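As the structure is a computational prediction, the values presented were derived from the model and not from experiment. What's counted below: heavy atoms across the whole structure, side chains too, no hydrogens, waters or symmetry copies.
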2 protein chains.
Amino acid sequence: MVTVAGPLWGKMVDMPHRPTINDVAAHAGVSKSLVSLALRGDAGVGEAARTRILESADALGYRSNILARSLRQGRTMTIGVVLSSLTNPYHTEVAAAVEEAAEHEGLSVLLAHGTHRRDRLDARIDLLLDLSVDGLVVVSSWIGAEALERAGRRAPVVMVGRTEDKVPGVDSVNNDDEHGASLAIDHFLAAGHTRIAHVSASSRPSGAARRRGYLRAMDTAGLDGNARIIDRSTDAEALPNQLSEALADGFDAFFARNDVEALDVMAAAADLGHEVPESIGVIGYDDSALARRARPGLTSVRQHAEVLGARAVELLRSRIGGRSDDIHDVVEPRLRVRTSTRSPATAADDAG
Amino acid sequence: MVTVAGPLWGKMVDMPHRPTINDVAAHAGVSKSLVSLALRGDAGVGEAARTRILESADALGYRSNILARSLRQGRTMTIGVVLSSLTNPYHTEVAAAVEEAAEHEGLSVLLAHGTHRRDRLDARIDLLLDLSVDGLVVVSSWIGAEALERAGRRAPVVMVGRTEDKVPGVDSVNNDDEHGASLAIDHFLAAGHTRIAHVSASSRPSGAARRRGYLRAMDTAGLDGNARIIDRSTDAEALPNQLSEALADGFDAFFARNDVEALDVMAAAADLGHEVPESIGVIGYDDSALARRARPGLTSVRQHAEVLGARAVELLRSRIGGRSDDIHDVVEPRLRVRTSTRSPATAADDAG
DNA sequence: CTGTTAGCGCATTCAT
DNA sequence: ATGAATGCGCTAACAG
C-alpha cells in the first residue's frame, strides 16, 4: 500500500501484483507445469485442460515473466543494437534495418546508445549482454577491440561499419570504403574536375579508409600533387575558413567523409556565395535521408544500410546456429548521383 | 561442446560458462550469501573475508546476473525509452536528453523503436516492462491510450510530446504547441507577411494543436479569411504542386508542422525557383539539428528537447518516489530566428 | 559481530 | 499431468 522510500530509487510496492504462473495454475486447478506446457502449445496437454488454462490466463491477464524465463532458458529472442550516435541518420538507418530484419525472424530489438564515450558504450554492451540478448549488433567504431572481443565470447556479435581491425570471434559487415571513395572521385573526374579536396572530421577507421581511397584515386589519376585534405578533426568551426582557402586555391570539388559533413560543406559554400553545382561540386557518403532531402540533392556514396542491417542479422543467426569461423562481409557501395555535382555529359559539353 | 541445433534460434551451448556467485563463493571458501553481502558493500562482513571475496570475484571475472537480481529485487536501475521514429531528429534528441539526465541519476537507458506500427510499439512497451525497467518514457503519439494506461499500472510512465488526451496514471511533458504556432505566425506578421499557409502531413495530437494555434493566430490577426492549410497527409509527393498553387495564390510564408516538413518546403521551393527568404519565408517546428544545418538556416520553434528529456526523468523519479497524482508539465516554446525568414526590421524598411 | 542455512522470485524441464 | 529440481542472486532468520 505504502511506497518504500528508498534513498532515491526505491522499489515501488504499490504496483498491483502481477499474476504469475502459479495464479493461473490455481485458477485453472492444475499444476504450474501444465500451465507452462499449455501456454507454449505443447502437444501433450489434454483439450479440456488446455482451454481451461488459456481462459484462466486470459482472465487474469497473465504474461509470462521474461526475466524468469530468460534466466531459465538463457535465451531471450531479443537482439541488442549498440549505437554511438543517434543523430547520424546512417547509424539510425542501420538500426532500423536490423530491426526490420530481426522482426522477420521473430526477434525483438533493444537499442542502446552510448554517445561517443567509450565507458558508456562498454557499459551498454554489458547491460545488453547481462540481459541475455541472443546477439549484438555494434554500430560504432568507438568501442575498443578488447571490449568487442570480450563481448564476442559472451554472445554472437556483429560489427557494422567498422573496418580496419578484425576482432577474433566477432563477425563484421562493411562497405568497401576505399572503393566507395574512388567512385566519388571518378565521378568528379568524369565531370571534368581536377582540383578535388577531401573533407573529413574523423580519422576513425572508416574515415581513414575513405581518405586512403581518395588519395589512391587521385594518385591513379595522376593528380596526387593536387590532393588536399581539409581536416576538421581539431576545429569543426574552422570549415568556412578552410573552405574559402581551398576555393581560393582553385579547388572546386569536395568529397566529404559522410553526408553530415557534406551538408556542412554545402552550407558553408552557400554562406560564401558559391552555387552548387555550378560553381562547386559536393559528394557525400552514406546516401542517408539527408542526401535525399538536401537541395540541391546530394550526390552520395550509397552504403546500403538496409543490406548491412539485414546481413548483420543473418550473421547473428548463423553464428547462433553454431558457426565458429569468423565472417567478414563486404558490401559494394554505389554512387547515387543527384544534383550537387555536374553530370559528366555537361562537363563534356563545357569542354567541347 | 557441440552447439544445439534449434529450429532457427537455439541456445548456444558453446559459450564459456559464466562464473556465478557460487563459483566465487567456492573460490573464496565462503557461502554465497557472504559473497552477495561483500560485493554490495554490506557492513557486516569481516575485513579478511571481504578482501578474499573481492579478489576471487576479480580473478574469476565475476559479474552478477542482472536477470537473477532483477527477478529477485523487481528493480533494475534501468529506464526504457520508446520511440516511434529514429529518423526525426527531434525524437532522437529527446531520447539523448533522457539518457543524459538518467546517467546523472545512475540509471541506464534502453531504447526501443517501434516504427509507426501500433502493434510493434505495444510489443516494445511490453518488452521493456517485462524486463522490469524502473520507468518508461514514451516519445510517440502513435501508442494507444489504453496501452499507455495499462503500462502506467505496471510502472511509472511519462509521455513526451503527446498532447490532447491525458492518460490517467501517466505523467506527461509537453511544449505548448498552440502557443508555439502563434510565435511563428506572429513573426511572419511582424515581417509584413499576410498570406501565411500552414503545411502539415499529420493530424496527430501535436500536429492538430499546431494547426489550431495557426488558425487562432490568423484569426486574431483578422486574417482568418487568408488561412490555408496544405495537407500532406494523403500524398506526401503532392507538395510541389500544392506549393506552386499556393504561391500562385499569393502565399509567401509557410509555417510547417515540424523541421522535416519545413525542409521539404524549402526543397520544393528551391525546385520551383523561389528564393528563401527573399521570395518566401519558411518556419519549422522543433528547432532540431536540421534547422541549424539547413541553408538558409531554418527559423524554427524551439521545443527544448533537453528540457523535456530531463523533466521526464524527474517525473519518473518522483513517481517512483511515491507520488500518485498525475503531473502534466508544459514547457514554453521559443522562436529561434534564423535566415529562412525576413526580419521584422527589413520588412519595415521595405514598407517605408 | 561474522557467517551460514534456507527459502524466495518465476518459469522451465525432467523424472515420475 | 505432476512434484521436484534448476537457473542465479538476494535476504530473513538463525548459529557461532
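The shortest distance between the side-chain N/O atoms of A/Y62 and the OP1/OP2 oxygens of C/dC10 is not below 4.0 Å. A close approach under 4.0 Å does occur between a side-chain nitrogen or oxygen of A/R40 and OP1 or OP2 of C/dT13. For A/S36, no side-chain nitrogen or oxygen approaches OP1 or OP2 of C/dA11 to under 4.0 Å.
A/R323 places no side-chain N or O within donor-acceptor distance of the main-chain N or O of A/R317, the cut-off being under 3.5 Å. Using modelled atom types, no side-chain atom of B/S56 and backbone atom of B/L54 make a donor-acceptor pair closer than 3.5 Å.
Summary of the strand contacts: A/G44 and B/N22 both lie near DNA chain D, and taking for each the nucleotide with the nearest heavy atom, the more 5' one is attributed to A/G44. DNA chain C is contacted by both B/A68 and B/G46; B/G46 maps to the nucleotide lying nearer its 5′ end (nearest heavy atom per residue).
Contact annotation: side chain of A/R69 to base of C/dT12, donor-acceptor pair absent below 3.5 Å. If you check distances only, the side chain of A/S33 does reach the base of C/dT13 with a donor-acceptor pair under 3.5 Å.
As rounded to whole Å, 16 Å separates atom P of C/dC1 from atom CG of B/L34. Here C/dC8 presents its P atom at 14 Å from CG of B/L71, a figure rounded to the nearest Å. Between the CD1 atom of A/I21 and the P atom of C/dT13 there is a distance of 11 Å, given to the nearest Å. In this structure, CG of A/L39 is placed 15 Å from C1' of C/dT13, rounded to the nearest angstrom. Between the P atom of C/dA11 and the CZ atom of A/R63 lies a distance of 11 Å, rounded to the nearest Å. In this entry the distance linking NZ of A/K32 with P of C/dT13 reads 13 Å, nearest Å. Rounding to whole angstrom units, CG of residue B/L37 and P of D/dA13 are separated by 15 Å. In this structure, CG of A/N65 is placed 14 Å from C1' of D/dC8, rounded to the nearest angstrom.
Residue A/V35 is out of contact with every strand shown, counting any heavy-atom pair closer than 4.0 Å.
Distance from the side chain of A/R72 is smallest for C/dT12 among the nucleotides D/dC8, C/dT12, C/dG9. Nearest to the side chain of B/T20, among D/dC8, D/dC10, C/dC10, sits D/dC8. Residue B/V30 places its side chain closer to C/dT4 than to any other of D/dG9, C/dT4, C/dT12. When distances are taken from the side chain of A/S31 to each of D/dC10, D/dG3, C/dG9, the shortest belongs to D/dG3.
Among A/D165, A/L136, A/V167, the single residue meeting the side chain to side chain contact (heavy atoms under 4.5 Å, CB included) criterion with A/L148 is A/V167.
The pair B/R52-B/E55 does not count as a salt bridge, with every side-chain nitrogen at least 4.0 angstrom from each carboxylate oxygen.
Under the 4.5 Å side-chain criterion, counting only non-hydrogen atoms from C-beta, A/R63 is in contact with B/R154.
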